Amino acid sequence: MNNGGLLVAGTTSDAGKSVVTAGVCRWLVRQGVKVAPFKAQNMSLNSFVTREGAEIGRAQAMQAQACRVEPTALMNPVLLKPGGEQSSQVVLLGKPVGELSARGYHGGRQQKLLGTVLDCLAELRGTYDAVICEGAGSPAEINLRRTDIVNMGIARNAGLPVLVVGDIDRGGVFASFFGTVALLSPEDQALVAGFLVNKFRGDVSLLEPGLDMLHGLTGRHTYGVLPFRHGLGIDEEDGLRVSLRGTVRESNVAPPVGEDVLRVAVCAIPLMSNFTDVDALAAEPGVVVRFVDRPEELADADLVIVPGTRGTVRALEWLRERGLAEALRRRAAEQRPVLGICGGFQVLGDHIEDDVESRRGRVDGLGVLPVRVRFAREKTLTRPVGKALGERVEGYEIHHGVAEVTGGDAFITDDRGHSLDGCRVGQTWGTHWHGSLESDGFRRAFLREVAAAAGRRFVPAPGTSFAALREEQLDRLGDLIEQHADTDALWRLIESGAPQGLPFIPPGAPA
């Protein structure tokens with residue numbers, strides 16, 4: 001294969017683009033293809049830090065893992081991190097470059113980034129045999145087509161064939177497929193090679209007459225029908241898909257090793273970022289994780305987590321409005337375990353000086369950790385390594401807040417015992433490090449501490465490897481493609497581009 005490529009688009013947000021892209025990547029790498037993921041522009045509060053200190057969407061980091069390559073800023077050159085309904089922080093090539101309103105971004109800045117995006121894609125295509133690109137939302141957002149740099153804009157400029165994914169579990173997939181193509185210009189339609197049905201339940205033979213009719217109407221083939229599978233929740237990009245009172249993932253976790261389960265409540269604060277931090281807990285046999293938004297839901301929790309957020313001051317206000325702030329203070333006073341991560345660590349401190357994110361100046365925190373936070377204009381983006389509870393721990397930092405710890409015990413240290421990050425007072429813990437719970441030894445040691453403090457006869461499973469579970473998950477995605485997609489046709493599409501002579505479906509994009 002030589003410099004192949006594909007754009008995986010979707011009929012809607014959350015149609016399964018990220019999952020399909022990861023699955024195609026894992027299938028290709030198992031065929032010996034050197035492959036990389038790419039998403040020109042990502043809007044997400046779930047991000048990751050690469051080895052070179054660049055911030056990218058977690059979905060692209062996960063897709064890089066599917067490719068068995070190290071993620072880089074080239075794979076997600078533009079990341080938008082919403083700060084509210086009206087504006088987002090723009091992260092370009094891994095570094096924040098400012099805040100823009102949606103109107104300001106789509107009104108001109110986005111189109112100016114097209115050259116940078118195309119350069120990144122060209123560099124990847126010059127390095128890898130194939131690049132599997134992920135679109136955003138729907139390619140038929142006709143109000144945004146003029147400035148589009150992530151769907152048909154990138155496909156047209158890079159000559160990429162397009163595969164449109166539709167979630168049949170939502171219903172209306174045939175109308176969505178047809179309408180997506182029919183709203184594109186003739187030039188864009190010429191690149192839409194066909195369709196992929198996602199999340200099908202039941203007998204595929206019952207679907208085949210519809211697929212035949214869709215081919216008759218559009219001249220385009222369906223490249224596969226992927227069955228609905230539980231436990232394929234991977235790093236999300238668009239937000240928290242699960243219910244606030246639902247489970248984190250639909251995976252089938254083994255029963256607890258000890259006599260008790262351990263209940264973890266995650267405060268569903270506004271602009272929650274990197275809620276994937278709790279995935280490693282949810283993967284532990286006997287750990288039950290749920291998202292909560294009421295103080296009474298903390299009552300039976302053995303551990304409460306205050307996660308990261310893109311709006312630390314807003315999160316503080318929300319916690320106070322909901323009565324959760326007082327519940328957290330009460331827990332801390334009663335020596336019941338609380339863990340704050342990044343923004344959640346900051347809200348547990350004495351006060352925050354914020355002239356950067358909210359521009360609210362000095363704001364009192366919850367006062368349960370001896371920490372003063374000052375927001376710096378430069379964002380900290382690192383991949384640190386240290387020790388905690390006698391175990392090696394790795395993580396990544398993404399924050400403007402600089403913490404001055406004035407008391408308590410060190411949480412994460414270097415090999416000599418010098419504090420690296422965070423602090424602990426009694427059973428209240430805080431750290432800026434995302435991803436630390438993915439370190440298996442540290443996670444087990446932390447859960448043992450929590451269980452002891454909570455009086456639970458919970459025993460961490462000795463053999464749980466979060467990295468191995470993630471690999472198994474990615475392999476299942478590769479299996480989905482290999483077993484349920486027309487891989488020969490998909491291979492030709494990636495290698496040779498969209499078929500010639502695809503018919504135009506009226507009316508096409510408005511002039």
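As the structure is a computational prediction, the values presented were derived from the model and not from experiment.
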Checking [X] side chain against [Y] main chain: does a donor-acceptor pair fall under 3.5 Å?
| X | Y | value |
| --- | --- | --- |
| R26 | A66 | yes |
| K199 | R170 | no |
| T406 | P370 | yes |
| S439 | G441 | no |
| R444 | T464 | yes |
| N76 | Q60 | no |
| D355 | R359 | no |
| R392 | V385 | no |
| S273 | S47 | no |
| D260 | L262 | no |

Q: Sort out for me which residue in V338, L316, V371 forms a side-chain contact (heavy atoms from CB on, under 4.5 Å) with L348.
A: V338
Would you give the length of the straight line joining atom [atom1] of [X] to atom [atom2] of [Y], rounded to the nearest 0.5 angstrom?
| X | Y | atom1 | atom2 | answer |
| --- | --- | --- | --- | --- |
| I398 | R383 | CD1 | CZ | 10.0 Å |
| S419 | F411 | OG | CZ | 10.5 Å |
| L469 | E438 | CG | CD | 11.0 Å |
| L477 | T21 | CG | OG1 | 10.5 Å |
| D350 | E404 | CG | CD | 10.0 Å |
| I168 | L226 | CD1 | CG | 11.0 Å |

(Q) Pair R470, Q473 - check side-chain hydrogen bond (donor to acceptor under 3.5 Å, both in side chains), show working. (A) CA-CA 5 Å; R470 174 55 54 85; Q473 201 173 37; 3.2 Å; yes
(Q) I'd like to know if E134 pairs up with K39 as an ion pair, taking the criterion as any Lys NZ or Arg NE/NH1/NH2 lying under 4.0 Å from an Asp or Glu carboxylate oxygen. (A) yes
Q: Just do the salt bridge (charged side-chain N to carboxylate O under 4.0 Å, His left out) check on R30 and D479 with the steps written out, would you?
A: CA-CA 10 Å; R30 294 196 304 206; D479 292 343; 2.9 Å; yes
Are the side chains of [X] and [Y] in touch, meaning some heavy atoms are under 4.5 Å apart?
| X | Y | answer |
| --- | --- | --- |
| Q63 | V19 | no |
| R336 | T428 | no |
| R377 | H400 | no |
| V288 | V264 | no |
| Q89 | R310 | yes |
| V278 | I305 | yes |
| W318 | D293 | yes |
| W433 | I412 | yes |

Q: Let me see the working for T276 and N46 under side-chain hydrogen bond (donor to acceptor under 3.5 Å, both in side chains), right down to the final yes or no.
A: CA-CA 7 Å; T276 48; N46 284 339; 4.5 Å; no
Q.
Please determine whether side-chain hydrogen bond (donor to acceptor under 3.5 Å, both in side chains) holds for the pair E397 and T382, giving the CA-CA distance in whole Å, both sets of side-chain angles, and the decisive distance to 0.1 Å.
A. CA-CA 5 Å; E397 295 185 72; T382 63; 3.0 Å; yes
Q: Assess whether atom CD of E296 is packed by more than 12 heavy atoms of other residues, nucleotides or ligands within 6.0 Å.
A: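 Above 12, so yes.
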Q) Using 30° and 60° as the class limits, which term best fits the ring planes of H432 and H399: parallel, tilted or perpendicular? A) parallel
**Q.** Pair K387-D414, salt bridge (charged side-chain N to carboxylate O under 4.0 Å, His left out): steps then yes or no
**A.** CA-CA 6 Å; K387 290 190 73 173; D414 62 17; over 6 Å; no
Of all the heavy-atom pairs spanning [X] and [Y], show the shortest one and how long it is.
| X | Y | value |
| --- | --- | --- |
| E70 | M75 | O-CE, 3.5 Å |
| D302 | R331 | O-NH2, 3.5 Å |
| V29 | C67 | CG2-O, 3.3 Å |

Q | Verdict with reasoning, H434 to D277, per side-chain hydrogen bond (donor to acceptor under 3.5 Å, both in side chains) | A | CA-CA 6 Å; H434 293 292; D277 283 336; 2.7 Å; yes
Q. Ring centres of W429 and F446 under 6.0 Å apart?
A.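 Yes.
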Q. Is R58 positioned over the aromatic face of F48, cation under 6.0 angstrom from the ring centre and no more than 45 degrees off axis?
A. no
Q: Using only heavy-atom distances, determine whether the side chains of S44 and K81 contain a donor-acceptor pair under 3.5 Å.
A: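 Judged by distance alone, the side chains do not pair up.
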**Q.** salt bridge (charged side-chain N to carboxylate O under 4.0 Å, His left out) between R443 and D440, intermediate numbers included
**A.** CA-CA 5 Å; R443 182 179 66 254; D440 298 325; 2.8 Å; yes
